[in-house]
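Numbers here are sequence positions counted from 1. Just so you know, these numbers come straight off a predicted model, no measurement behind them. All values below come from the heavy atoms of this structure, side chains included, with hydrogens, waters and symmetry mates left out.
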Amino acid sequence: MANSTLIGKIHMDCPICNMLHEVEEWARMTSATMKGEKVFYEEHFYVCTNNQTGNSEFQTERLTNNNEMTARNAYRKAHNLLTSDEIVAVRENYGLTQVEAARLLGWGEATIARYESKAIQDEAYDTMLRIIQENPLKAIALLDKNSDKFPEAKRMQIRTKMVERLDSYGKEYLSRQVLMGAYVKFAVPSDFNGYKLLDIDKVESLVSYYAERIADLYKCQLMNLLWYADALYFKTYSNSMTGLVYCHEPAGMLPVGHASLANLKNVNVHAEEDCEVVKYRFYPNTTLDSFELSKNETAILDAIIAKFRNYDVSLLVSYVQEEAAYTQTDQGNIIPYNLAKKMRAF
């Protein structure tokens, strides 16, 4: 049993020696062929410790099924498809049985059951599952479209669950969609996005990092500091940190879609009224994964924070407006990242 790992021990009726005793459970890496492709996965098996001669390895039907599921999920992961557990989670998030999930999607009633047990879904089916996973509004639309397949009471019960999911995480999806919609025209790496596509998770982590280290961080101040983060990173590493695109505005160099950016669920912002003027103050989000930012990225951010920590909004905007990236572009125009190379030294 070279290259195998002992997992544990379990009492069972052993088919090798036909006795009730403690057998060992082991694991090893092996391969299987799925859809004509070899995949590697962790296989579990039992060993009869009473049998000292011959092959003492065996698998129960349950263990064999689990191993086959692990192999299928290895194929799914290699092809960026939802695993069987993820498919189960999609329907359970809406309180759906396997049959109800299939009816919602307009599929045969046994389709979901097969994908959760023995079959690997095609990419088109996977796409539909991801749509309702990520967008409760689409799930509600499908439920309304296929309403005749559900008893009225059950349909309303499912719809209520979908609305609850919309409230809990659908708003994050919608706010992201609005921001991503503003970036449709920047879907190719270029000098406008710093040769990187928009990374919203990175933006959220960056905002939280700034907010944790700069007291009284307000919107105009933050938006310009985002430009410095991306510009200095581009100047140093030849690509931007977040993929944000910046525009020449009276208040400085602001990201395209900055209003939507402030509405992201993981951006912790609070509105404050000051003499009938609403100001938006940003706070850290302690739920975000600190590992989203690399050491190189945090080093860039720390340098920016050290320089601008004590700048108020007006002083920061005045400083920004003297950068070559601002003086060499016209109001309303996109600011190319190549101008970041002319940034004043820190």
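- Note that the CZ atom of Arg91 and the CD atom of Glu116 stand 4.0 Å from one another [nearest 0.5 Å].
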> Does the ring pair (Phe, Tyr, Trp, His ring centres under 6.0 Å) test come out yes or no for Tyr125 and Tyr115, once each step is laid out?
Replying inline: CA-CA 10 Å; Tyr125 284 84; Tyr115 290 159; 5.8 Å; yes

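- Side chains of Leu104 and Met162 form a contact here, defined as non-hydrogen atoms less than 4.5 Å apart.
- Met241 and Lys202 make their closest contact through O-CG, 3.6 Å (heavy atoms, listed as atom of the first residue, atom of the second, distance).
- Side-chain polar atoms of Asn266 and Thr287 form no donor-acceptor pair below 3.5 angstrom.
- Ion pairing of Asp85 with Arg76 is absent here, as no side-chain N (NZ or NE/NH1/NH2) approaches a carboxylate O to less than 4.0 Å.
- In terms of the salt bridge (charged side-chain N to carboxylate O under 4.0 Å, His left out) criterion, Arg62 has no residue partners (sequence neighbours excluded).
- Here the closest non-hydrogen pair linking Ala71 and Met34 is CB-CE, 3.6 Å.
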> After noting the C-alpha distance and the side-chain angles of Ser84 and Asn73, does the key distance pass the side-chain hydrogen bond (donor to acceptor under 3.5 Å, both in side chains) rule?
Replying inline: CA-CA 7 Å; Ser84 55; Asn73 283 335; 3.2 Å; yes

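- Applying the salt bridge (charged side-chain N to carboxylate O under 4.0 Å, His left out) test to pairs two or more places apart or on separate chains, those with a residue in residues 214-226 are Asp216-Arg281.
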> Passes side-chain hydrogen bond (donor to acceptor under 3.5 Å, both in side chains), Asp126 versus Gln121? Steps please.
Replying inline: CA-CA 6 Å; Asp126 192 80; Gln121 70 275 23; 2.8 Å; yes

> Are Asp302 and Tyr209 close enough, and set up right, to give a side-chain contact (heavy atoms from CB on, under 4.5 Å), and what steps lead you there?
Replying inline: CA-CA 9 Å; Asp302 289 341; Tyr209 193 90; 2.7 Å; yes

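- For Met180, the CE atom is loosely surrounded, since the number of other residues' heavy atoms within 6.0 Å does not exceed 12.
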>> Run the side-chain contact (heavy atoms from CB on, under 4.5 Å) test on His21 and Asn50 for me, step by step, so that the C-alpha distance in whole Å, both residues' side-chain angles and the decisive distance to 0.1 Å come before the verdict.
In response: CA-CA 9 Å; His21 71 100; Asn50 287 344; 3.5 Å; yes

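- Looking at every heavy atom in both residues, Cys14 comes nearest to Val23 through CB-CG1, 4.2 Å.
- In terms of modelled atom types and a separation under 3.5 Å, the side chain of Thr64 and the main chain of Thr60 share a donor-acceptor contact.
- Here the CG atom belonging to Leu142 is positioned 8.0 Å from the CD1 atom belonging to Ile131, to the nearest 0.5 angstrom.
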>> Show, in sequence, the C-alpha distance, side-chain angles and deciding distance for Glu272 and Tyr218, and conclude whether the side-chain hydrogen bond (donor to acceptor under 3.5 Å, both in side chains) test is met.
In response: CA-CA 10 Å; Glu272 299 177 354; Tyr218 289 93; 3.0 Å; yes

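- Taking CD from Glu22 and SG from Cys48, the interatomic distance works out to 11.5 Å, rounded to the nearest 0.5 Å.
- Considering only residues two or more places apart in sequence or on other chains, Arg155 meets the salt bridge (charged side-chain N to carboxylate O under 4.0 Å, His left out) condition with Asp144, Glu152.
- The distance between the ring centers of Tyr228 and Phe308 falls below 6.0 angstrom.
- Under the side-chain contact (heavy atoms from CB on, under 4.5 Å) test applied with Phe282, the options Asn268, Val267, Ile214 reduce to a single match, Val267.
- Gly95 and Glu100 make their closest contact through O-OE1, 3.9 Å (heavy atoms, listed as atom of the first residue, atom of the second, distance).
- Nearest heavy-atom pair, Ser31 versus Lys38, reported as atom, atom and distance to 0.1 Å: CB-CG, 3.8 Å.
- With rounding to the nearest 0.5 Å, the separation of CZ in Arg72 from OG in Ser117 is 7.0 Å.
- Judged by the 6.0 Å and 45° rule, Arg165 forms no cation-pi pair with Tyr94.
- Within the 3.5 Å criterion, the main-chain N or O of Leu198 finds no donor-acceptor partner in the side chain of Tyr183.
- To the nearest 0.5 Å, the span separating CD on Gln98 from CZ on Arg103 amounts to 12.5 Å.
- Applying the 6.0 Å contact sphere to CD of Glu61 captures no more than 12 heavy atoms from other residues, nucleotides or ligands.
- Rounded to the nearest 0.5 Å, atoms CE (Met253) and OH (Tyr326) are 8.5 Å apart.
- Considering only residues two or more places apart in sequence or on other chains, Lys295 meets the salt bridge (charged side-chain N to carboxylate O under 4.0 Å, His left out) condition with none of them.
- Checking side-chain atoms of Tyr237 against main-chain N and O of Glu297 turns up no donor-acceptor pair under 3.5 Å.
- A donor-acceptor pair shorter than 3.5 Å cannot be found between the side chains of Asn224 and Tyr246.
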>> Please determine whether side-chain contact (heavy atoms from CB on, under 4.5 Å) holds for the pair Ile112 and Leu96, giving the CA-CA distance in whole Å, both sets of side-chain angles, and the decisive distance to 0.1 Å.
In response: CA-CA 11 Å; Ile112 292 290; Leu96 298 167; over 6 Å; no

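- The shortest heavy-atom contact between Ala187 and Leu197 is O-CD2, 3.4 Å.
- Asn193 places a side-chain N or O within donor-acceptor distance of the main-chain N or O of Val188, the cut-off being under 3.5 Å.
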> Does the side-chain contact (heavy atoms from CB on, under 4.5 Å) test come out yes or no for Glu37 and His79, once each step is laid out?
Replying inline: CA-CA 11 Å; Glu37 180 179 321; His79 292 269; 2.9 Å; yes

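- Counting only distance, with no hydrogens or angles, the side chain of His44 and the backbone of Ala27 share no donor-acceptor pair below 3.5 Å.
- Glu322 meets the salt bridge (charged side-chain N to carboxylate O under 4.0 Å, His left out) test with Arg344; sequence neighbours excluded.
- Of the possible polar contacts, none joining the Ser240 side chain to the Asp230 backbone as a donor-acceptor pair under 3.5 Å is found.
- Side chains of Glu43 and Gln59: a donor-acceptor N/O pair is present below 3.5 angstrom, by distance only.
- In this structure, Trp26 and Phe45 have parallel ring planes: the angle between them is below the 30° cut-off, well short of the 60° mark.
- Every residue meeting the side chain to side chain contact (heavy atoms under 4.5 Å, CB included) condition with Pro284, not counting sequence neighbours, appears here in chain and number order: Ser208, Ala211, Glu212.
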